[in-house]
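Here the structure comes first, spelled out in structure tokens, and everything after it is commentary.
Since this is a predicted model, take the numbers as computed values, not measurements.
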Amino acid sequence: MSFLPFVFANPMMLAALVALPAIWWLLRMTPPRPVTEVFPPLRILAGVLKREETPSKSPWWLTLLRMLMAAAIIFAIADPVFNPRSNTLSTDGPLTLVIDNSWATATDWERRVETAEALIGDAEARDLPVSIVFTADSEHNAVPGSATAARNRLAAATPQPLQPDRAAAVDALKTALNETAPGTLVFLSDGIEAGDGKVMTELAALAPANFRLVEGRGDQAVAITNSANDADSMVITASRLDTTDARTLPITAYDTRGRAIANGSVAFAAGEGAAKGTLAAPFELRNDFARIAIDSAATAGGTFLLDDGFRRRRVALLSGEARDQSQPLLSPLYYINRALAPYADLVQPNEPDLAVAIPELLAQKPSMLIMADIGRLPDETYAPVTKWIENGGTLIRFAGPRLAAAPADDPLVPVTLRQGERALGGALSWSEPQPLADYPALSPFAGMPRPEGILVKRQVLAEPTADLSSRTWASLADGTPLVTTKAQGAGRIILFHVSAEATWSNLPISGDFVEMLRRSVQLSRSGGVASEGAAPGQTLAPYRLLNADGVLISETGRARPLEIAAGKTPVSSAENPPGLYGSEEGFTALNLLARDTQLKPIDATGLPMAYTSEALIGAEAWSLKPSLFAVALILLLIDSAIVLFMGGAFARLRMPATAAIAIALAAGALVAAPGQSLADDSRPGDETILGRLDRTHLAYVVTGEAEVDRLSERGLAGLTEFLTYRTTLEPAPPVGLDIATDELSFYSLIYWPVSANAPMPSPQAISRIDAYMRAGGTVLFDTRDQFSSLGTNSGTSPNSERLQAILSDLDIPPLEPVPTDNVLTKSFYLLSNFPGRYSGSPLWIEAQPDNGSQPTGRPARSGDGVSPIMITGNDFAGAWAIDSNGAPLLPTVPPDEQQREYAYRSGVNIMMYMLTGNYKADQVHIPALLERLGQ
């Protein structure tokens with residue numbers, strides 16, 4: 001097989017190129033055909049005085065044209081062929097194809113099929129049998145057969161979301177060949193080492209007459225091998241095969257609905273095969289990650305699935321005593337904090353009173369509550385803690401002097417405890433400090449090595465019961481329990497029978513303490529679904545599986561249930577492909593590669609025979625002969641036209657010069673303005689106008705103050721996002737308006753943040769605002785100073801004074817605070833007031849006419865009952881304003897997230913009021929509204 005750019009099928013014909021100089025000389029010496037002239041007497045008389053001239057040679061450019069035509073014919077006869085292939089298969093045995101169809105071949109599978117088809121075609125041309133085997137298939141049939149059968153099997157093969165099982169493929173090949181040596185053995189590899197790395201040696205042991213290794217592009221093999229939800233970001237570990245150059249790959253995190261919610265990148269240094277990247281996002285958003293993918297690697301290896309085990313838990317901490325801050329090592333929570341900080345979001349109460357602290361912590365919805373040496377809880381806290389546990393919470397308690405002295409009937413311990421503590425060692429004790437025993441097989445600590453050097457000097461003892469051993473996760477060498485547990489409802493209670501600081505044992509200062517707490521935290525629920533903590537011995541049915549392109553599909557095929565065994569990490573295989581196992585209520589993620597796997601190239605050193613390394617086939621072989629003959633024919637036609645022109649054949653067909661000039665000018669005009677319409681009367685700014693007419697925009701007045709304008713834009717952006725998620729209205733991004741120049745009629749509502757430091761609007765701008773309000777638009781003035789009255793003597797702030805100056809030039813109707821029965825209070829939400837960042841100012845609107853009367857000079861309730869003016873001082877934009885991550889920019893006064901929620905609802909009611917008018921006041925809806933109000 002040859003992969004040169006091109007070759008000549010008849011290279012001997014290139015010898016004719018030496019004749020080109022002779023052709024040049026002959027063409028230059030041959031004069032053109034004489035021109036035949038019509039008999040015009042005056043033309044003859046005018047030529048009498050001229051000396052007769054006879055051309056002695058052809059023009060040089062005509063000779064060059066004919067030389068090019070001759071060269072094109074010579075090259076066409078020599079037949080240059082691009083991407084040529086030569087049939088070099090050995091006839092000493094069957095063609096044997098070992099094809100990797102693993103996850104890494106998904107990006108260039110079509111080229112691999114083309115390469116294999118070309119080899120099968122070569123075998124068919126030489127009447128050779130073909131043995132073909134695919135390394136990622138669960139079943140292997142390597143018996144040599146016809147080329148047609150091999151081609152059919154190749155067409156049916158697809159990449160699998162698995163690593164290749166080359167050992168099984170080679171064994172099947174040995175059985176099928178039955179000690180018959182292959183003629184040509186071709187290994188179409190994905191280039192990645194798998195298994196024990198002896199595949200090249202085992203293939204060479206088959207003693208083929210010709211051994212070839214065909215590989216694709218190694219830079220396409222990139223995989224995500226690990227993920228860790230750290231304190232500030234999600235850390236991704238990736239591995240690549242080609243380490244030649246530095247490379248940065250974009251990564252994206254998706255939620256359960258397939259929506260991209262975070263982006264990051266992984267940067268590989270030159271010569272490095274592994275790299276780490278980060279996905280920076282808030283804690284709550286990171287817990288919504290369901291899948292992480294490398295954007296440029298659409299493969300099963302480039303996709304990493306996450307389940308509940310990868311979510312970062314919120315852990316609440318409580319201590320029975322407050323140690324001196326100058327002695328942190330004696331604090332009951334010091335070692336717990338150090339152990340869990342990398343794995344969980346830790347929260348502690350602000351009040352030392354447990355009756356206040358426990359409800360405060362439970363309100364934050366933690367996954368786990370840890371109590372360090374707390375004996376008796378306040379009576380009113382037992383019920384909420386018990387309910388929290390039964391709903392899925394996990395309670396971990398540590399012993400200490402307080403718990404040892406607590407009553408034995410405590411309902412929040414997993415086993416019945418003996419009162420008092422057991423002392424091991426000391427001057428008055430016969431017993432010695434005890435080490436730890438091996439962890440039970442059913443314990444979540446199973447698989448951890450038995451710790452060396454850990455001794456327990458004190459513990460609280462459990463009363464012997466029939467089920468004590470089944471509730472024990474760890475014990476001492478003398479058999480007494482160290483960690484016990486009890487399931488309660490959907491949650492769990494765990495008790496460490498030693499203290500959380502190093503006075504009772506040296507366990508808290510060991511690495512095993514960190515791993516014990518980490519595994520216990522992973523067993524807790526996060527988001528209401530426990531998936532990581534599948535019980536040992538449980539089997540989970542396949543729920544969603546990955547295909548080779550890294551896409552989750554519902555087709556499970558012949559996948560078997562996943563067995564969860566204690567101390568054994570599940571690995572992907574043909575029976576358990578990568579994907580999600582379980583159900584919609586809870587599932588476990590099984591990824592393609594083991595954690596921290598490093599992609600390495602295939603080892604081909606020390607083989608007992610030589611082999612040739614080749615690349616995948618490119619485009620199909622094609623000949624340049626037809627194109628060269630076509631070029632020669634075009635040159636011949638051009639030469640013929642030139643000869644006819646020079647012979648005067650077109651003399652009578654010459655068009656008038658004026659017509660030629662007109663055509664040239666017309667063509668030039670078309671070239672100068674291609675595609676421009678003759679009736680194009682568009683004006684600058686039309687695209688902006690059409691874009692703003694396409695969707696609803698919230699608009700604000702640009703005051704000229706950078707901070708005020710930024711808060712206005714971010715506030716309306718926050719309200720736009722709230723409207724999009726809570727209503728069927730989906731506004732476009734907000735628009736800042738210059739009221740002196742911009743068109744105002746496109747916007748149903750304009751938000752005007754009044755600022756005394758901003759320039760006073762011109763009389764023309766005020767006039768445009770007055771015309772806008774008369775035409776049915778509404779302006780929402782916001783002084784942002786929490787005023788409560790519109791009287792002339794109450795405007796004490798500069799912003800209120802500026803508002804009065806603006807309103808003095810406007811023709812505004814009488815105003816009143818929003819009545820309780822106004823449409824604004826029920827246009828979408830049922831509201832009684834309209835708070836913003838502040839809550840002390842009412843919302844003023846046009847006063848409703850009494851007994852059908854109306855203000856002079858203005859129609860009553862024009863615009864379908866919508867007030868043309870609204871005034872507030874509650875700083876709506878300050879309450880609505882969000883940053884790029886959706887977090888609030890400013891706190892409410894006083895700090896109250898419920899007030900911010902009602903500020904958003906006020907914005908929704910105002911927008912619905914603007915868009916629907918008095919629709920909600922229609923009598924048809926009165927019964928439904930009364931029912932909602934419970935009347």
Side-chain angles (χ1 to χ4, degrees), residues 4-84 618-676:
L4 295 174
F6 71 91
V7 297
F8 290 95
N10 303 309
M12 297 301 295
M13 293 304 301
L14 296 177
L17 293 175
V18 300
L20 288 181
I23 298 174
W24 174 276
W25 182 78
L26 290 174
L27 291 176
R28 292 282 288 173
M29 292 303 295
T30 303
R33 180 174 176 268
V35 178
T36 302
E37 295 285 355
V38 181
F39 180 69
L42 294 178
R43 181 72 175 274
I44 294 176
L45 291 175
V48 168
L49 299 177
K50 293 183 179 180
R51 182 175 58 85
E52 184 179 357
E53 296 178 357
T54 302
S56 62
K57 56 186 178 180
S58 300
W60 68 267
W61 50 269
L62 182 60
T63 304
L64 178 60
L65 180 68
R66 292 171 177 174
M67 292 287 291
L68 291 176
M69 180 172 57
I73 293 174
I74 293 173
F75 277 106
I77 297 175
D79 192 10
V81 179
F82 281 81
N83 298 315
E620 292 292 338
W622 58 280
S623 174
L624 201 59
K625 180 193 289 187
S627 301
L628 290 174
F629 274 126
V631 170
L633 178 60
I634 293 173
L635 294 177
L636 177 60
L637 295 175
I638 295 174
D639 180 84
S640 301
I642 292 174
V643 170
L644 291 174
F645 182 81
M646 294 177 64
F650 300 108
R652 296 180 181 179
L653 300 178
R654 294 174 183 170
M655 65 177 63
T658 55
I661 293 173
I663 294 175
L665 290 177
L670 290 176
V671 172
Q676 183 172 356

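- Inter-residue side-chain proximity for Phe75 and Val631 is flagged as unmet; no heavy-atom pair is nearer than 4.5 Å.
- Remark: Ile73 engages Met69, Ile77, Ala632 in a side chain to side chain contact (heavy atoms under 4.5 Å, CB included) (not counting sequence neighbours).
- Heavy atoms only, all atoms of each residue included: Ala72 and Leu628 are closest at O-CB, 3.8 Å.
- The structure places CD1 of Ile638 at 10.0 Å from CG of Leu633, a figure rounded to the nearest 0.5 Å.
- Taking every heavy atom of both residues into account, Leu635 and Leu68 meet most closely at CD1-C, 3.9 Å.
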